[in-house]
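What follows is a set of notes on a single structure, which appears directly below.
Convention: sequence-line order gives letters A, B, ...; per-chain numbering from 1. Bear in mind the structure is a predicted one, so any value in this text is a computation, not a measurement.
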Protein chains: 2
Amino acid sequence: MAGNNKTPTMLDVARLANVSSMTVSRAFKRDASVGKETRERILKAADELGYVLDSTAANLSSRKTGFVAVTIPSINNANFADTLRGMSQRLRGSGLEILLGYTDYSVDEEERLIEQFLRRRPEAIVVTGGTHTDRCRKLLEHSGVPVVETWDLPAKPIGHVVGFSNAEAAKLMVDHFVERGYTRLGFIGGDTSRDTRGLDRRRGFLEAVKARGLDSSRLIASGPPPITMREGAASMREMIARWPDTQAVMCVSDLSAFGALTECQRKGIRVPEDIAIGGFGAYDLAEHAVPAITTIDASAKAIGTHAADTVLSLLSNPESTDVRMVTRITPKIIARQTT
Amino acid sequence: MAGNNKTPTMLDVARLANVSSMTVSRAFKRDASVGKETRERILKAADELGYVLDSTAANLSSRKTGFVAVTIPSINNANFADTLRGMSQRLRGSGLEILLGYTDYSVDEEERLIEQFLRRRPEAIVVTGGTHTDRCRKLLEHSGVPVVETWDLPAKPIGHVVGFSNAEAAKLMVDHFVERGYTRLGFIGGDTSRDTRGLDRRRGFLEAVKARGLDSSRLIASGPPPITMREGAASMREMIARWPDTQAVMCVSDLSAFGALTECQRKGIRVPEDIAIGGFGAYDLAEHAVPAITTIDASAKAIGTHAADTVLSLLSNPESTDVRMVTRITPKIIARQTT
DNA sequence: TTGAAAGCGGTACCAT
DNA sequence: ATGGTACCGCTTTCAA
């Protein structure tokens with residue numbers, strides 16, 4: 001309480017407990033060999049002094065930080081939040097902590113972030129997507145720690161991968177539309193290079209539509225991400241204005257699909273009788289909306305747990321250089337009332 | 001490329017650039033006094049070696065980590081995500097980084113998290129809410145760094161505060177209901193000690209209802225957080241079953257309000273003609289739902305920017321011990337179609 | 001503007 | 001089971 005304005009160190013604890021600082025260090029680990037009485041005496045002394053271990057020093061000395069650097073495009077996105085939850089759940093108790101950053105869907109921002117993070121000496125790096133600036137790629141390749149790319153299947157992966165083909169996933173929706181008897185199909189969003197996964201979905205949609213010989217011109221741009229309900233509504237308005245006979249619309253995400261749905265509701269257009277709507281991402285929202293929205297589930301949370309497993313496995317196998325782990329997720333369509 | 005399997009240090013860069021490591025250190029800061037030519041030579045050498053500064057060592061030596069520890073109850077919550085966005089935007093460029101953890105609405109988990117974080121020697125700590133375990137309070141009080149509590153106005157704040165009264169906020173909704181002519185009012189959620197802010201909202205609702213002499217028994221428990229659309233729907237079902245003549249229902253959050261709304265839609269109950277619904281949090285969802293949901297805006301993002309400003313101000317004024325900064329937000333009602 | 005030396009607070013490693 | 005000692009890679013401080 002009085003006078004002592006300096007943070008106590010191990011040495012202070014050691015002196016009070018009548019041991020060497022090495023013994024204090026050991027007492028603060030779980031498996032270390034310290035006499036039961038000694039340990040208790042040490043912990044009591046530490047408590048008395050209000051001692052808090054300084055990882056900052058431990059990190060330097062042991063060359064381990066316990067950090068896994070993770071970048072996601074946006075915090076405010078239920079899909080990435082789910083991935084993150086999956087990761088932290090799996091990482092809990094492993095001694096690994098997440099150092100989180102978000103890129104705002106910008107590869108330049110990602111580069112800045114990664115550069116910053118590398119200084120913190122993370123033990124592994126998990127990024128979203130497989131598109132990066134050249135410099136960022138180089139930084140990651142030379143980082144010396146496992147790199148996991150998620151939410152995509154990069155053609156030239158940097159290291160490890162937990163993802164799926166966004167193009168293939170989109171095709172599922174086209175198949176579903178066609179099964180339902182819809183042939184005049186449109187796509188909303190996925191028009192900007194900032195959202196490469198959205199781009200891939202649109203590409204997959206187009207390929208599938210063309211493969212069937214259907215009209216492939218019904219595309220509405222939604223502008224730069226994040227694509228939210230507002231853009232979905234505006235895009236649907238445009239879709240209906242330009243191609244009034246469109247029978248089914250796939251949206252780049254459930255958020256945008258919900259926006260499209262509400263636009264129809266405001267206009268008295270019946271879904272799916274007048275127009276069908278499909279989304280992407282299996283958000284809670286899609287399940288609870290009335291009518292419930294048909295969507296594609298890419299197992300956002302599982303991506304996180306698998307990414308964490310990848311990291312854990314790599315870190316516990318020091319000989320695992322030259323190993324490449326690729327976990328491929330298979331997206332599934334969830335058919336609901338909007339189609 | 002070959003042989004050199006060790007991460008280069010400043011000394012390596014120094015040798016290659018023919019300077020001392022001190023000069024290299026200076027070259028990596030922006031304002032330091034280093035000759036322009038020298039700096040360029042150093043940066044070139046660093047680039048050549050693929051040198052990345054080791055903050056882990058810098059942190060120890062300078063006793064500064066650049067971390068602001070932040071805890072939020074849940075990642076997957078648009079309100080807290082907004083607060084976080086506000087913080088990171090304000091912190092960008094300040095050299096401060098966020099070390100994020102989420103408590104899952106548990107004070108015990110919060111304690112664990114804070115204890116872990118303190119080892120990393122953050123320069124400031126921002127927590128959500130004013131309820132903590134005794135030990136956690138003590139840890140925060142003795143941390144030696146600024147502590148900011150958010151999203152609440154704690155009776156006995158630990159340090160600084162950026163928040164609002166959740167009880168007062170809830171009263172706004174009661175006022176609004178009464179203005180609209182509704183007198184048989186119900187409340188959904190806010191029934192568990194894990195969500196103290198929800199508890200406060202319910203308390204505020206009850207106080208306001210009682211102050212007006214209205215029936216204060218129409219309360220539905222939604223169980224432990226996170227409260228989502230599903231709980232909102234189930235609770236609305238229960239509300240209608242138990243008190244069919246209820247005229248207006250306030251929900252602990254917009255998510256739960258949306259769930260309640262969809263439940264009515266599925267049952268063919270008209271909103272607001274048959275029953276009115278109010279939410280909390282000003283989520284995008286409330287704005288875009290059809291009908292749009294009346295809600296209370298507590299300026300989630302502004303809480304973040306103010307918290308960041310508080311931290312920045314405190315850290316740039318070393319004499320600011322004994323100062324307590326309290327930023328009080330005034331929530332506002334947003335009247336829409338569900339009332 | 002630049003350099004030399006002394007830590008920062010732990011842990012690895014080797015003894016005992 | 002415990003202790004001694006040499007660092008980990010940077011920054012602080014003082015000098016030139």
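Rounded to whole Å, the distance from CG on B/L60 to P on D/dC8 is 13 Å. If you measure from atom CZ of A/R119 to atom C1' of D/dC10, you get 12 Å, rounded to the nearest angstrom. As a whole-Å value, the separation of A/R121 CZ from D/dC10 C1' is 11 Å.
Nearest-nucleotide assignment on DNA chain C puts the 5′-proximal partner with B/V19, out of B/V19 and A/T9. Between B/S20 and A/A58, it is B/S20 whose nearest contact on DNA chain C lies nearer the 5' terminus.
Under the 4.0 Å criterion applied to side-chain N and carboxylate O atoms, A/R112 and A/E115 are not assigned as salt-bridge partners. In this structure, A/R121 pairs ionically with B/D54, as a charged nitrogen and a carboxylate oxygen lie closer than 4.0 Å. Taking the charged nitrogens against the carboxylate oxygens, B/E97 and A/R119 have no contact shorter than 4.0 Å, which rules out a salt bridge. The residues B/D134 and B/R137 are annotated as not salt-bridged, no charged nitrogen and carboxylate oxygen being separated by less than 4.0 angstrom. Salt bridge absent: A/K138 and A/E141 never bring a charged side-chain N and a carboxylate O closer than 4.0 Å.
Residues A/P146 and A/M325 have side chains not in contact (no heavy-atom distance under 4.5 Å, counting atoms from C-beta outward). Counting heavy atoms from C-beta outward, B/V127 and B/I114 have side chains that approach closer than 4.5 Å. You'll find the side chain of B/Q89 stays beyond 4.5 Å of the side chain of B/T305, heavy atoms only. Between A/L91 and A/L312 there is a side-chain heavy-atom pair separated by less than 4.5 Å.
Partner of B/W151 under the side chain to side chain donor-acceptor pair (under 3.5 Å) criterion, chosen from B/T128, B/N79, B/T196, B/T83: B/T83.
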Side-chain donor-acceptor distances from residues 98-105 of chain A under 3.5 Å, at least two apart:
unit_1	atom_1	unit_2	atom_2	d
A/Y102	OH	B/S88	OG	3.1
A/T103	OG1	A/Y105	N	3.2

Using a 3.5 Å cut-off and no angle test, enumerate the donor-acceptor pairs between side-chain atoms of residues 38-46 of chain A and protein atoms at least two apart in sequence or in another chain.
unit_1	atom_1	unit_2	atom_2	d
A/R39	NH2	A/A27	O	3.1
A/R39	NH2	A/K29	O	2.7
A/R41	NH1	A/A17	O	2.3

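Here B/S25 reaches the OP1 or OP2 of D/dT11: one of its side-chain N or O atoms lies under 4.0 Å away. Contact annotation: A/T23 side-chain N/O to D/dG3 OP1/OP2 distance is under 4.0 Å. Note on B/Y51: every side-chain N or O is 4.0 Å or more away from OP1 and OP2 of D/dG9.
Within 4.0 Å of B/F28, counting heavy atoms only, lies no atom of the nucleic acid at all. Residue A/S62 is classed as a sugar-phosphate contact, given heavy-atom separations below 4.0 Å to backbone atoms only. At a threshold of 4.0 angstrom between heavy atoms, the contacts of B/K64 with the nucleic acid are absent.
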Polar atom pairs (N or O), protein with nucleotides 5-7 of chain D, under 3.5 Å:
none

Please produce a list of atom pairs where a protein N or O lies less than 3.5 Å from an N or O of nucleotides 14-16 of chain D.
none

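Taking every heavy atom of residues 34-43 of chain B and every atom of DNA chain D, no pair lies under 4.0 Å.
For B/E111 (side chain) and B/H132 (main-chain N/O), no donor-acceptor pair under 3.5 Å exists by modelled atom type.
Protein chain A touches strand DNA chain C; the 5'-most and 3'-most nucleotides with an atom under 4.0 angstrom of its non-hydrogen atoms are C/dG9 to C/dC13.
Checked by atom type, the side-chain pair B/T23/B/S20 shows a donor-acceptor distance below 3.5 Å.
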